[in-house]
Amino acid sequence: METWRIVATALLAAAGLPLVLVVMAKVRDHVNSSARVAIAGAITFTALVVVAVLTLTVLPGALTWILVAVVAAAVGVMVLAS
């Protein structure tokens, strides 16, 4: 496995885990239902795991780094907006 894939996946995980928490907080603010908060967190975490596995295995380099940048930007915007 190439080193750049491991670095990209680590950066994706570092940006993605706060994204899961922010999404759960946003859902809690809008819906105020524990079940929906848990479902939103599970869906976001599952999507993050799938993207991380694809990053480690098959995605091309340019697409991998674009995904990392998009997730990092999304976290930045969501944290600043809240």
Side-chain angles (χ1 to χ4, degrees):
M1 192 168 303
E2 296 94 355
T3 305
W4 68 267
R5 288 188 181 273
I6 296 170
V7 171
T9 304
L11 290 173
L12 184 67
L17 291 177
L19 180 66
V20 172
L21 298 175
V22 170
V23 165
M24 290 174 71
K26 295 280 186 185
V27 170
R28 186 192 65 226
D29 290 343
H30 290 288
V31 178
N32 202 16
S33 168
S34 297
R36 288 200 181 170
V37 170
I39 290 170
I43 289 171
T44 308
F45 184 74
T46 302
L48 178 65
V49 169
V50 168
V51 170
V53 169
L54 290 174
T55 298
L56 279 173
T57 57
V58 297
L59 289 179
L63 184 59
T64 298
W65 290 111
I66 288 171
L67 280 172
V68 170
V70 166
V71 169
V75 169
V77 168
M78 290 179 93
V79 167
L80 289 175
S82 60

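- Atom CH2 of W65 sits about 9.5 Å away from atom OG1 of T55, to the nearest 0.5 Å.
- With hydrophobic clusters built from ILVMFWY side chains whose heavy atoms lie under 4.5 angstrom apart, L17 does not share a cluster with I43.
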Run the side-chain contact (heavy atoms from CB on, under 4.5 Å) test on V79 and V22 for me, step by step, so that the C-alpha distance in whole Å, both residues' side-chain angles and the decisive distance to 0.1 Å come before the verdict.
CA-CA 7 Å; V79 167; V22 170; 3.9 Å; yes

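- The salt bridge (Lys or Arg N to Asp or Glu O under 4.0 Å) check on R5 picks up E2, with sequence neighbours excluded.
- With contacts defined as side-chain heavy-atom distances shorter than 4.5 Å, the pair L12/L48 qualifies.
- Taking CG of L63 as the start and CG of L54 as the end, the distance is 9.0 Å to the nearest 0.5 Å.
- Looking at L11 and V7, their side chains come closer than 4.5 Å, going by heavy atoms from C-beta outward.
- Hydrophobic clustering (side-chain heavy atoms under 4.5 Å, transitive across Ile, Leu, Val, Met, Phe, Trp, Tyr) keeps V68 apart from V77.
- Here the closest heavy-atom approach between residue P18 and residue V75 is recorded as CB-CG1, 4.3 Å.
- Counting only heavy atoms from C-beta outward, the side chains of V23 and F45 never approach each other to under 4.5 Å.
- R28 CZ to S33 OG: the interatomic distance, rounded to the nearest 0.5 Å, is 12.5 Å.
- One distance of note links CE of M78 with CG of L21; it measures 11.0 Å at 0.5 Å rounding.
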